[in-house]
Amino acid sequence: MTESSEQRESKNFVEQAIDEDLKSGRFSGVFTRFPPEPNGYLHIGHAKSICLNFGLARTHDGTCNLRFDDTNPTKEETEYVESIMEDIRWLGFEWDSLHFASDYFDQLYQWAEKLIEEGHAYVCDLNADETRQYRGTLTAPGRDSPYRDRSPEENLDLFRRMRDGEFEDGTRALRAKIDMASPNMNLRDPVMYRILRATHHRTGDKWCIYPTYDWTHGQSDSIEGITFSICTLEFENHRPLYDWYCEKLDIHHPRQIEFAKLKLSTLLMGKRYMIRLVKEGFVTGWDDPRMFTIRGYRRRGYTPESIRSFCADVGVAKFNSTIEIVRLENSIREHLNRIAPRRMAVLDPVKLTITNWPEGRVELNEAINNPGDADAGKREIPFSGQLFIERDDFREEAPRKFFRLKKDGAVRLRAGYIVDCHDVIKDDEGNVIEILCTYDPDSKSGSDTSGRKVKGTIHWVSAEHATEVEVRLYDRLFMVDDPSVVEEGQTFVDHLNPDSLQVVTGYVEPALAKAEVGERVQFERLGYYIVDEDSTAEKQVFNRIVPLRDTWGKIEAKGKKS
RNA sequence: UACCCCGUGGUGUAAUGGUAACACUACUGAUUUUGGUUCAGUCAUUCAAGGUUCGAGUCCUUGCGGGGUAGCCA
């Protein structure tokens, strides 16, 4: 059971609405769509919507389309279309059919003429500024446009001339004739078409008028036979307009349902934030392993499964909540714990010499690939008299609860022997540069006849056999819960974690030499790592995906505080 | 100071008028040749006040708190 949480019995409010409409016969199936505007890269927030839309279609034996909402040519690019498709597929979903709102421009135009003919739309000569004046405010009703009562004939003529390019950008707009006094701003004669001379990424220069989101979205859903049009909460106030257009046009009428978008602590998902991070070089690009984009998480080493199970885990509701980032981190740990083979790597090495080890002798020790998965098998690791261990795993004078190696103490070397430390060598500044131990020949892992029990087990690599690699230790970009909250005169940039990336040279066991780009492993006792695409034949590069839970770190931190 | 939406443990999500449940976190403890994993345990009278009802987290009223909305963006 990889994603048992996806099969929970309790239903969220969207599923309940679906059940209700299926049961009543309002709709005969679940036909959804994921409708991004191709104006940027997908981020973890989109993943929730993708999982919801595709997931609902999947569990109800329906369909889910991918539709690009490309009605604003000034912001959209083909590059984004490609990246969005790639990211959705990487997440593990495939659309039943691919559409572009721009494919419906002709139909939309026809429908606009229909509304004009029926007296439901008019050409307004107010410019953007004047339109705002007439719209009124949140508390005051608007006033009717002086052009509101033009005849259908005149409107039709004007609208066609708009289409034919007779007027300057922004000088006229087609508006729906609804109610300038409506408490819902969206119903105060919303704009359906604006004059906009811009080259569209698909229709080129065919059009100089473009439909707005509201005049496009519901009809696009309708054309595709969508039954449940799922979107985020900020469109709640648009629903009456969505419904109005479908009714006036007398076309198939999907049900719009709004849910709360994903908000994660320590993350800033807004486009303007992410653009600044990239443009000002705080990260290396949209796929920087610290970014909240889908490609960032992919490069970081997150699995599609972990992101899907995370989305299923956080649920769907209308409450504006903030999910703790540890839950995302937890979901990747949970998955990788099951599938990642264990390997040994030392990232901050100090030399450990076994003084009673026979000169030149090398043993091949057997090690288990995954203690939780017998099928993962075993591997061999060379063991010799010259090892590297983690600097942090040795203390000359250790606190009471320190279970690792200390002077005159013993520790087990993972998949090796118990060693006893009898001396250390220091440099002029008093730093330990070499640890001298003896090993207990009877204590070999797997065939221990020594009868000794030691509290700690540490990892190691054989100095002579280890490979030198580059390791990129990634940490959270922001350490505060909500980086958008700033002091006077500061911006979110001031919350950036200066240590979000640390590059170190590590030493890894020989079994890793053949690891290919994209392979994920657990460095025992450290965390999960993936071979990055920057790896070359000369040098591998590993990204830290997420560290292991660190109980000792907590104990130690607590001890320091008190 | 208009309209719409939302308030359930530290964080989320359930309970569809009938014993407040599940997950994550935190904290205990056990197991462990990864201070990982795993296992067990502990942590809430549902924003407030009224009302309806045999019975209210759920329905009604009011208040309080949070979010959204005044692009020819989506």
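We name chains A, B, ... by the order of the sequence lines, and we start the count at 1 in each one. None of the values given here were measured: they were computed from a predicted structure.
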message: Centroid distance below 5.5 Å plus an interplanar angle below 30 degrees: do A:W552 and B:rG35 meet both conditions?
response: yes
Between the protein and nucleotides 18-24 of chain B, which nitrogen or oxygen pairs are less than 3.5 angstrom apart?
none

Syn/anti state for B:rG71 [syn: chi within 90° of 0]: syn
- request: Could you check which nucleotide pairs with B:rG63 in any of the strands shown, counting Watson-Crick or G-U wobble with both distances under 3.5 Å?
  value: B:rC47
- prompt: Taking only side-chain nitrogens and oxygens of A:R172, does any of them come within less than 4.0 Å of OP1 or OP2 of B:rC72?
  reply: no
- request: Answer with base, sugar-phosphate or nothing: what part of the nucleic acid does A:N12 contact at a heavy-atom distance below 4.0 Å?
  value: sugar-phosphate
Pair A:E79, A:Y41: side-chain N/O donor-acceptor within cut-off below 3.5 Å: yes
message: Check the phosphate of B:rC72 against A:R135, side-chain N and O only, distance under 4.0 Å to OP1 or OP2. Yes or no?
response: yes
- prompt: For B:rU42, what is the paired nucleotide under Watson-Crick or G-U wobble rules, both distances under 3.5 Å?
  reply: B:rA26
message: Closest approach to the side chain of A:T322, judged atom by atom: which nucleotide of B:rG36, B:rG12, B:rG35 is it?
response: B:rG12
task: Could you check which of B:rU13, B:rA74, B:rG36 has an atom nearest any side-chain atom of A:F235?
output: B:rA74
message: Once you measure the plane-to-plane angle for A:Y109 and A:W207, does it fall in the parallel (<30°), tilted (30-60°) or perpendicular (>60°) bin?
response: tilted
message: Protein within reach of the bases, or only the backbone? For nucleotides 2-7 of chain B, mark each nucleotide 5' to 3' as B, S or -, using heavy atoms under 4.0 Å.
response: BSSSS-
- prompt: Do the numbers put A:R143 on top of the ring of A:Y134, so that NZ or CZ is under 6.0 Å from the six-membered ring centre and no more than 45° off the axis?
  reply: yes
- prompt: Which heavy atom of A:I530 sits nearest a heavy atom of A:G301, and at what distance?
  reply: CD1-CA, 3.6 Å
query: Is there a Watson-Crick or G-U wobble partner for B:rA56 with both distances under 3.5 Å, and which nucleotide is it?
result: none
- prompt: Quick one: A:R525 CZ to B:rU33 P, roughly how many Å, whole number?
  reply: 15 Å
message: Can you give me the closest heavy-atom contact between A:R202 and A:S102, atom names plus distance?
response: NH1-OG, 3.7 Å
- prompt: Under 4.0 Å: is that the gap between some side-chain N or O of A:S10 and OP1 or OP2 of B:rU13?
  reply: no
task: Specify the separation, in whole Å, of atom NZ of A:K453 and atom P of B:rU31.
output: 12 Å
message: Let's test this: given Watson-Crick or G-U wobble pairing with both distances under 3.5 Å, identify the partner of B:rA21.
response: B:rU13
field: All salt bridge (charged side-chain N to carboxylate O under 4.0 Å, His left out) counterparts of A:R255, not counting sequence neighbours
entry: A:E20, A:D21
- request: For A:L405 and B:rG35, give me the distance from atom CG to atom P, rounded to whole Å.
  value: 13 Å
field: Between B:rC72 (C1') and A:E130 (CD): distance, integer Å
entry: 13 Å
- request: May I ask which nucleotide in the shown strands pairs with B:rU69, Watson-Crick or G-U wobble, both distances under 3.5 Å?
  value: B:rA2
- prompt: Contact class for A:T71 vs. all strands (heavy atom < 4.0 Å): base, sugar-phosphate, or nothing?
  reply: sugar-phosphate
query: B:rU33 pairs with which nucleotide, Watson-Crick or G-U wobble, both distances below 3.5 Å?
result: none
statement: From the candidates B:rC72, B:rA70, B:rA74, the one with an atom nearest any side-chain atom of A:T137 is B:rA70
query: Taking OP1 and OP2 of B:rG68, is either one under 4.0 Å from a side-chain nitrogen or oxygen of A:K261?
result: no
- prompt: Please give, in whole Å, the distance from B:rG71 P to A:D189 CG?
  reply: 15 Å
message: Is the ring pair A:Y507/A:F388 parallel, tilted or perpendicular, if the boundaries are 30 and 60 degrees?
response: tilted
- line: Side-chain contact check for A:F402: nearest option of B:rG35, B:rA74, B:rU34 is B:rG35
- prompt: At under 4.0 Å, does any side-chain N or O of A:T212 touch on OP1 or OP2 of B:rG71?
  reply: no
field: Plane angle bin for A:H46 and A:H43 - parallel if under 30°, tilted between 30 and 60°, otherwise perpendicular
entry: tilted
query: If you take all heavy atoms of A:I195 and A:E168, which pair is closest and at what distance?
result: CD1-O, 3.6 Å
message: If the cut-off is 4.0 Å, is A:R194 near the phosphate of B:rC73, judged by side-chain N/O to OP1 or OP2?
response: yes
- request: Looking only at side-chain atoms of A:R414, point me to the closest of B:rC73, B:rG35, B:rU34.
  value: B:rU34
message: Heavy atoms only, 4.0 Å cut-off, all strands: where does A:P240 land among base, sugar-phosphate and nothing?
response: nothing
message: Tell me whether A:E258 is salt-bridged to A:R239, with the criterion being a basic N under 4.0 Å from an acidic carboxylate O.
response: yes
- prompt: How long is the line joining NZ of A:K455 and C1' of B:rU34, in whole Å?
  reply: 14 Å
statement: Looking only at B:rG71, B:rC73, B:rC72, the nucleotide nearest the A:A173 side chain is B:rC72
query: Closest to the A:R342 side chain: B:rU13, B:rU34, B:rG35?
result: B:rU34
- prompt: So does A:T457 reach the base of B:rU34 with its side chain, donor to acceptor, closer than 3.5 Å?
  reply: no
message: Students often mix this up, so state it plainly: with edges at 30° and 60°, are the rings of A:H217 and A:Y242 parallel, tilted or perpendicular?
response: tilted
